[in-house]
Structures are given as C-alpha cells and as structure tokens.
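To keep things clear, I will list the structure first and then write my remarks on it.
Numbering of residues begins at 1 and proceeds along the displayed sequence.
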Amino acid sequence: MEGSEPSPRPRLLLYTARYQFAQKNAIAATLAWVAERRGFAFDVYYDAIHSGLHFGGGNPEHFDLGVLTGGLVTGGRHLEAAAQALQRFEATVICSGRVALGSTFATLAESSNAAVYVMSEDAVVSLYDKVFSSLEVDWPDTAVMLSRSPGPGLDGIDAYCYPEILFRGAVGIEATISLGSLAELRTRGITQMVVCGVHQEQQEALTAMGFQVRDHAVIVNGDDYRTATYRLAQRWRDQQRGWIIGDPVLVSYSIPVACRERRTAIFS
C-alpha cells in the first residue's frame with residue numbers, strides 16, 4: 001500500500017571466527033540459546049581453508065581440513081551470501097579475531113545498518129559481555145567447559161557437546177581458556193562448572209578457584225567418536241527432536257541449525 005511503512009527486518013546474530021579457534025563451538029552453542037531467547041535468527045561463518053573437493057565427510061585423522069570444509073569461497077559464493085544476509089536481516093555480527101570476511105562485514109555495515117563487533121580471540125568473557133549486554137540477557141550462573149581433544153582419536157569432539165550448553169542455558173568455554181578469563185567468569189557470577197572430557201587435574205584446579213565442578217562422565221577414557229557421540233545423544237534424548245549425522249567439521253558448521261531444530265549429533 002502506498003505510503004505504508006516497510007516491514008521490519010528479522011534480526012540476525014552472526015558469529016564468525018577461524019575454524020581452528022578452539023573456543024568457537026562452545027561460543028556458538030551459547031549464542032544459539034541467547035539468540036533464540038531474544039527472537040534472533042543465529043548462524044556462524046568459519047574462516048577455513050577449502051580444497052574445493054566434493055567429499056561427504058570423514059574422520060579428521062585421515063583427511064586434511066580443506067577436504068572436510070567443502071567448496072571454495074568464490075565457488076560457494078560466500079561473499080554474496082554474506083552481503084545478502086546483512087541486507088535481509090537487522091544483523092549483529094560478532095567476530096573473534098581477524099577473519100576472511102571481517103573487512104567485508106565492516107564495509108557492508110554502514111549501508112545495511114549492521115552492528116559489527118571485532119573482539120580479540122582471547123577476549124572470550126568480553127565477547128559474552130558484549131552479547132549479553134546488546135541482547136539484554138542476564139549472565140547465567142553456570143558454565144560448561146568442553147575439551148576439544150580430550151584423548152587420542154577424539155579431536156573435535158567438542159562439536160557434538162552443544163546440547164550440554166544449549167539445554168542448560170549455560171556459558172560455554174573450551175578447556176584451553178586462560179586462567180585470567182576463568183577468574184573473570186567468577187566476577188560475572190559463574191559458580192557452577194559442568195565439565196565434558198576435562199582431565200581430573202584441571203577439574204581440581206577449577207575447584208581450587210572456587211567453582212563447584214560437576215562431571216557427568218559424558219566422555220570417558222577409551223571413547224571413540226561413535227561411543228562418545230552416542231552417549232551424548234542418549235543423554236538428551238528427551239529434549240531432542242531429530243538427528244544430525246556427520247564428522248566433527250560438518251557438525252561444527254551445523255550447530256546453529258542443530259540448536260534451532262533441537263537435533264543431537266552423532267558421528268558418521
């Protein structure tokens with residue numbers, strides 16, 4: 001109708017980081033529930049090497065990362081997709097460190113009215129401060145610490161652990177987070193620490209820092225991808241509505257849709 005106001009754009013929270021950034025999966029799982037709570041769509045973009053080969057998945061021990069990440073940036077029209085997202089959505093973009101499309105997001109921000117925040121990779125707590133403040137969400141009192149590689153043959157297992165963060169409405173962190181950041185979490189009111197695949201020595205260190213540590217043994221010694229992901233999926237079977245089957249790289253990229261559709265992930 002002539003003279004009518006245009007419909008407001010849907011809101012999007014977009015998180016981008018290097019694929020090799022250890023904290024990315026824990027952060028993505030956290031931002032997924034925060035975005036949902038405030039009515040935002042949520043997605044991720046990970047800066048990674050791409051070989052451009054057509055490949056259906058596999059064990060990261062047997063394939064280079066570039067084989068597992070799919071099509072090329074140019075061939076996959078990543079730039080066009082990013083530009084379209086910022087035009088179609090009222091977007092808030094959070095970048096951990098310098099990423100391939102970081103300058104693109106900054107350039108497009110003015111014309112799309114997007115808010116783009118670039119944080120250093122070691123500023124995990126500041127990143128959460130920015131998101132919680134921008135989306136007006138209170139800090140929870142619980143954090144979940146994941147281990148990206150708790151043992152041989154489990155590299156990237158943290159990708160499958162997102163239900164531990166999502167269903168608790170917790171703050172996610174990866175085990176290599178700095179002691180300074182852990183101390184900052186205490187000042188934000190985090191008192192409970194649920195751990196997944198974290199070694200006993202680190203659990204004892206967390207207890208010494210004043211956290212109440214809980215280990216539900218969802219990842220145990222001797223696990224492989226099959227046993228660990230089966231146990232994780234079974235643990236949340238009452239909340240899940242479906243499955244995602246894939247290798248750790250595919251599951252990392254799929255965390256937003258998995259959280260949105262309440263799907264748990266198993267290895268294949």
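- Residues Leu185 and Trp139 share a closest heavy-atom pair of CD2-CZ3, 3.7 Å.
- Listed for the Tyr162 side chain is a donor-acceptor partner under 3.5 Å among the backbone atoms of Ala265.
- Formation of a donor-acceptor pair under 3.5 Å by the Thr227 side chain with backbone atoms of Asp224 is found in this model.
- Taking the salt bridge (Lys or Arg N to Asp or Glu O under 4.0 Å) definition, one finds that Arg88 meets it with nothing, sequence neighbours left out.
- A salt bridge does not link Glu136 with Arg37: none of the charged nitrogens is closer than 4.0 Å to a carboxylate oxygen.
- For the pair Lys24 and Tyr19, the cation-pi criterion (under 6.0 Å, within 45° of the ring axis) is fulfilled.
- No more than 12 heavy-atom neighbours from other residues, nucleotides or ligands sit within 6.0 angstrom of OH on Tyr230.
- Using cut-offs of 30° and 60° for the angle between ring planes, the Tyr253 and Tyr46 rings count as perpendicular.
- Asp47 and Arg98 are not joined by a salt bridge, as no carboxylate oxygen comes within less than 4.0 angstrom of a charged side-chain nitrogen.
- Taking Trp243 as the reference, nothing meets the side-chain hydrogen bond (donor to acceptor under 3.5 Å, both in side chains) condition, with sequence neighbours excluded.
- Minimum interatomic distance between Val198 and Gln203 (heavy atoms only, all atoms of both residues): O-NE2, 2.9 Å.
- The minimum heavy-atom distance between Pro140 and Phe132, with the atom names listed, is CD-CZ, 4.1 Å.
- Taking the ring centre of Phe211 as origin, the terminal cationic atom of Arg186 falls inside the region bounded by 6.0 Å and 45° from the ring axis.
- In terms of the side-chain hydrogen bond (donor to acceptor under 3.5 Å, both in side chains) criterion, Glu184 has no residue partners (sequence neighbours excluded).
- Heavy atoms of other residues, nucleotides or ligands lying less than 6.0 angstrom from CZ of Arg226 number 12 at most.
- Contact of the Pro150 side chain with the Ile157 side chain is registered, since non-hydrogen atoms from C-beta on lie closer than 4.5 Å.
- Tyr15 and Ser96 share a side-chain donor-acceptor pair at under 3.5 Å.
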